[in-house]
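Chain naming here is simple, since letters A, B, ... match the order of the sequence lines and numbering starts at 1 in each.
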Protein chains: 2
Amino acid sequence: MTKHAGNTTEMAMELGWAMSEMKSCLRQKIQEKINGYDPDLSFELLEIIGLLWRSDGMNQQDIGRIVSKDKSSITYLISCLVERGLAKRITGKKDKRNKQVFLTEKGRQKREMIFPLALAVYQRAVGTIKEKEMQQALALVKKMIINLE
Amino acid sequence: MTKHAGNTTEMAMELGWAMSEMKSCLRQKIQEKINGYDPDLSFELLEIIGLLWRSDGMNQQDIGRIVSKDKSSITYLISCLVERGLAKRITGKKDKRNKQVFLTEKGRQKREMIFPLALAVYQRAVGTIKEKEMQQALALVKKMIINLE
DNA sequence: TTAAATTAGTTTGAATTCAAACTAATTGGT
DNA sequence: ACCAATTAGTTTGAATTCAAACTAATTTAA
């Protein structure tokens, strides 16, 4: 393998670390903001309820696919949301194996206060980055995922 | 905020998901390969010992900074490596708060077999992606991190 | 039509994670 | 010189994570 190709692989490892750092920063910043309003809502729970805020009634499998968590983790986190009265599971009529997760009224209401806080952190992360640049980074990460499959 | 800027923030969220997916894929692929040789070495432990393979004698704080894990997680993972006879802690002479983590002979030997496996997965992820493209993605993620600080 | 294979979600067990509080050591301010 | 503030790492507790095995339901193959 050429030195050139070696550099790209080296950068891929650095990208992995940078990605971990970015996720860690986002998580801390967002958690800090949420704690002021709802200390019982963790960043992990927010990832799930955030999906429901944008698309109520998703099934567990789809939720797991989007956030890339094991289905047993999804079961655990959804149970936490249910325990907190923020969501409920409804068994599918057509396929009883399927369970759709819907927001409760309380869960919907949380959106009003919490979503703008999380959004603001993402906006801050974006700063002056241009849409074209973000698009290219997204496409590259997706390409790497495809290469791994 | 303009629609344009809204799209970039939306893409930043998608980037977050894609990054989680990529990490999950890397982790599974690498773990599969390692399991054939050393089922006792998890991907998480590999992240740490991998750093030591490239830079023996790092202190715990620096290790934590690079992989973006809480210092208590670093304590836990290093203890696991020590338990497995792969690493040892040496207290710094100049600053007794500091502990450097060195590989044992056994830990060094693991590199020979394991490192190429992990490297191959990264190489596969890179595929035909060019150095310039990877560089741009890395720069963007780093910019987002800076924007969050 | 029946049975095997597959799928969606749950349970279990252990590993990994982080926040908070702690100890011990060093640094900085007076 | 002394003490407060800070730092590096550890401990504790609880949350989160995934792999494996499970149950129940659906799909596929014979």
Check nucleotides 25-28 of chain D for protein N or O atoms closer than 3.5 Å to its own N or O atoms and list the pairs.
from	atom 1	to	atom 2	distance (Å)
D:dT26	OP1	A:Lys96	N	3.3
D:dT26	O4'	A:Arg97	NE	3.2
D:dT26	O4'	A:Arg97	NH2	3.3

Return the polar atom pairs (N/O with N/O) between nucleotides 19-22 of chain D and the protein under 3.5 Å, or none.
from	atom 1	to	atom 2	distance (Å)
D:dA19	OP2	A:Asp70	OD1	3.4
D:dA19	N6	A:Ser72	OG	3.0

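At a threshold of 4.0 angstrom between heavy atoms, the contacts of A:Ile74 with the nucleic acid are absent.
Summarising the geometry of A:Trp53 relative to A:Leu103, their closest heavy-atom pair is CD1-CD1, 3.7 Å, with the distance given to 0.1 Å.
Salt bridge annotation for A:Lys23-A:Glu47: present, with a cationic side-chain nitrogen under 4.0 angstrom from a carboxylate oxygen.
Open room surrounds CD on B:Glu112; 12 or fewer heavy atoms of other groups in view lie less than 6.0 Å from it.
Here CG of B:Leu15 is found 12.0 Å from CD of B:Glu10. Values are rounded to the nearest 0.5 Å. Atoms CE and CE, from A:Met19 and B:Met19 in turn, are 4.5 Å apart once rounded to the nearest 0.5 Å.
For A:Glu83, there are no side chain to side chain contact (heavy atoms under 4.5 Å, CB included) partners at least two apart in sequence or on another chain.
Grouping Ile, Leu, Val, Met, Phe, Trp and Tyr residues whose side-chain heavy atoms lie under 4.5 Å apart, directly or via other members, places B:Ile90 in a hydrophobic cluster with B:Phe102.
Distance A:Leu81 CG to D:dA15 C1': 14 Å, rounded to the nearest Å. Atom pair B:Leu77:CG and D:dT17:P shows a separation of 16 Å (rounding to whole Å applied). Following rounding to the nearest Å, A:Lys69 (NZ) and C:dG9 (C1') show an atom-to-atom distance of 18 Å. In this entry the distance linking NZ of A:Lys23 with C1' of D:dT17 reads 11 Å, nearest Å. For the pair B:Arg65 CZ and D:dT7 P, the interatomic distance rounds to 14 Å; values are reported in whole Å.
Checking A:Ser24 against A:Arg89, the closest nucleotide of DNA chain C that is more toward the 5' end is the one next to A:Arg89.
Of the candidates B:Ile49, B:Leu119, B:Leu46, B:Leu46 is the only one forming a side chain to side chain contact (heavy atoms under 4.5 Å, CB included) with B:Ile114.
Linking Ile, Leu, Val, Met, Phe, Trp and Tyr residues whenever their side-chain heavy atoms come within less than 4.5 Å places B:Ile30 and B:Met113 in a single cluster. Hydrophobic clustering places A:Tyr37 together with A:Val121 (ILVMFWY residues linked when any side-chain heavy atoms are closer than 4.5 Å, directly or through intermediates).
Residue pairs that meet the side chain to side chain donor-acceptor pair (under 3.5 Å) test with at least one member in residues 135-149 of chain B, sequence neighbours left out, do not exist here.
Contacts with DNA chain D (heavy atom under 4.0 Å) in residues 37-60 of chain A: A:Ser42, A:Glu44, listed by number.
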